[in-house]
Novice: 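Quick one: this structure, given as structure tokens, is what I'll be asking you about.
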There are 2 protein chains.
Amino acid sequence: MFSKACEYGIKATLFIALQSLQDQRVNLKDIAKEINSPVAFTAKILQQLAKNNIVDSVKGPTGGFQIEKKRIDKIRLSEIVSAIDGDAIYKGCGLGLKECNANKPCPLHNKFAIIRDDLKEMLEGTSLYELATGLEVGLTFLKR
Amino acid sequence: MFSKACEYGIKATLFIALQSLQDQRVNLKDIAKEINSPVAFTAKILQQLAKNNIVDSVKGPTGGFQIEKKRIDKIRLSEIVSAIDGDAIYKGCGLGLKECNANKPCPLHNKFAIIRDDLKEMLEGTSLYELATGLEVGLTFLKR
DNA sequence: TTTATATCGGACAAATTTATCCGAAATAAA
DNA sequence: TTTATTTCGGATAAATTTGTCCGATATAAA
């Protein structure tokens, strides 16, 4: 469904959000440990997230990653997914046709569009905040 | 969503179903041309489909691929998908956790499970026959 | 000012997926 | 029986994704 990079990206962003809610900045090593991901690869993904203004990065000692508190309930999962995986998952044809729409649909078009649109709405309707709170109270988990 | 192999597999199977409804057996070259796929790679996928008894193969001149007419409305898309991509798409965690269930869910578990289950039901509820008929009357397309 | 620590960014490597090639095996038809 | 045609199956190659390494840059603190 999502690429590995995107999975790491979502998990990393959620952990950063969780820590930012408690005014804590977190560094690469701690993020990778928390989400059980390869450190160097995670660094690349965090760079992408920073470039896309999804997270803020600070260099130097005591540096790391954070998200402005005010923005945590504004940022949607969809932003992370399109920053890393692009929007093929929202717009693309289930059978990979370049051109596939109501006018010239693939055999799966109608049935697939429903699922795809539900996924899109789910991602667009889900904020970092609501997912981070589940982590905060120990109801949900980022590894295992 | 699906791998390229799976996309080709679905399209190839639908074309074979369409031709089988008209008592026509089709060969690799014609399939690849019809679904606009690389010939040799398509051959590999057809082998997999044959091994999984989704399509029948016949060697030699006049040989090719076909599906028993009676089975065309029995075979579901889900069979093709799990034969080629496995069942990660039905069972897997959206964030890639090894263990993710109601007991120990990832932050996305509840919302993701809905989408995933809808996809599963869609694929399990869709037969080759209903998709092939759309192709037959020129309502849907396998390329472009 | 120096040092230590953190991200940034580019080159490189490994693994996986996608794709090709070709001889072997089967088989229909000449 | 021979020939031509088709799928089968294994080896190989190309492309993409995943993952590593390391010097450059920024910066907090001694």
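We name chains A, B, ... by the order of the sequence lines, and we start the count at 1 in each one. Computation of the quantities below employed the complete heavy-atom set of this structure, encompassing side-chain atoms and omitting hydrogens, waters and symmetry-equivalent molecules.
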Novice: Quick one: does any side-chain atom of B:Tyr8 pair with a main-chain N or O of B:Phe41 as donor and acceptor, under 3.5 Å?
Specialist: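 No: the side chain of B:Tyr8 does not pair with the backbone of B:Phe41.
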Novice: Roughly how many Å is it from CD in B:Gln47 to P in C:dA26, rounded to a whole number?
Specialist: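 Roughly 14 Å, once rounded to whole Å.
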Novice: Report each atom pair, protein N/O against N/O of nucleotides 16-18 of chain C, whose distance is under 3.5 angstrom.
Specialist:
from	atom 1	to	atom 2	distance (Å)
C:dT18	OP1	B:Lys4	N	3.0

Novice: Base, sugar-phosphate, or nothing for B:Leu28, non-hydrogen atoms under 4.0 angstrom?
Specialist: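 Sugar-phosphate, backbone atoms only, no base.
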Novice: Want to settle it: does B:Lys44 or B:Arg25 sit nearer the 5' end of DNA chain C, counting the closest nucleotide to each?
Specialist: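 That would be B:Lys44.
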Novice: Would you say B:Leu97 and B:Ile115 are hydrophobically clustered, going by side-chain heavy atoms of ILVMFWY under 4.5 Å?
Specialist: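 Looking at the clustering, B:Ile115 is in a separate group from B:Leu97.
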Novice: Side chain of A:Ala40 only, heavy atoms from C-beta on: which candidate in D:dT20, D:dA29, C:dC8 is closest?
Specialist: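 Nearest listed nucleotide: D:dT20.
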Novice: Does a sphere of radius 6.0 Å around NZ in B:Lys91 hold more than 12 heavy atoms from other residues, nucleotides or ligands, not counting ones at 6.0 Å or beyond?
Specialist: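 Open.
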Novice: Given atom NZ of A:Lys29 and atom P of D:dT20, what is their separation to the nearest angstrom?
Specialist: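 Rounding to the nearest Å, NZ of A:Lys29 and P of D:dT20 are 15 Å apart.
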Novice: Looking only at the side chain of B:Lys59 (C-beta and beyond, no hydrogens), which of the listed nucleotides C:dT27, C:dC8, D:dG9 gets closest?
Specialist: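 Of all the options, the side chain of B:Lys59 is nearest to C:dT27.
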Novice: When rounded to the nearest 0.5 angstrom, what distance separates CZ in A:Phe141 from NE2 in B:His109?
Specialist: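 A:Phe141 CZ to B:His109 NE2: 12.5 Å, rounded to 0.5 Å.
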Novice: Any chance you could lay out the salt bridge (Lys or Arg N to Asp or Glu O under 4.0 Å) test for A:Lys4 and A:Glu7, step after step, and finish with the verdict?
Specialist: CA-CA 5 Å; A:Lys4 277 283 168 202; A:Glu7 290 176 2; 3.5 Å; yes
Novice: Taking atom P of C:dT7 as reference, at what distance in whole Å does atom CD1 of A:Ile54 sit?
Specialist: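 Whole-Å distance recorded here is 17 Å.
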Novice: Report yes if a side-chain nitrogen or oxygen of A:Ser57 is closer than 4.0 Å to either non-bridging phosphate oxygen (OP1 or OP2) of C:dC8; otherwise report no.
Specialist: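 Yes, A:Ser57 has a side-chain N/O under 4.0 Å of OP1/OP2 on C:dC8.
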Novice: Closest to the A:Asn27 side chain: C:dT7, D:dT27, C:dA25?
Specialist: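 That would be C:dT7.
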Novice: Side chains of A:Lys11 and A:Ser37: any donor to acceptor distance under 3.5 Å?
Specialist: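 Looking only at side-chain atoms, A:Lys11 and A:Ser37 do not form any donor-acceptor pair under 3.5 Å.
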Novice: Nearest-Å distance, CZ (A:Phe65) to P (C:dT5)?
Specialist: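 My rounded result for the distance is 18 Å.
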Novice: Round to a whole Å and report the spacing from CD of A:Gln48 to P of D:dG19.
Specialist: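 My rounded result for the distance is 14 Å.
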Novice: How long is the line joining CG of B:Asn52 and P of D:dC8, in whole Å?
Specialist: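 So the CG-P distance, B:Asn52 to D:dC8, works out to 12 Å.
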Novice: C:dG9 C1' sits how many Å from A:Leu49 CG, rounded?
Specialist: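 That distance rounds to 16 Å.
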Novice: For the side chain of A:Pro61, starting at C-beta, report the closest nucleotide among D:dC21, C:dA28, D:dA28.
Specialist: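 That would be D:dA28.
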Novice: How about B:Lys143: does its NZ atom have over 12 heavy atoms from other parts shown lying under 6.0 Å from it?
Specialist: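 More than 12 heavy atoms, drawn from other residues, nucleotides or ligands, come within 6.0 Å of this atom.
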Novice: When the distance from CD of A:Gln66 to P of D:dT27 is rounded to whole Å, what number comes out?
Specialist: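 After rounding, the gap between these two atoms is 13 Å.
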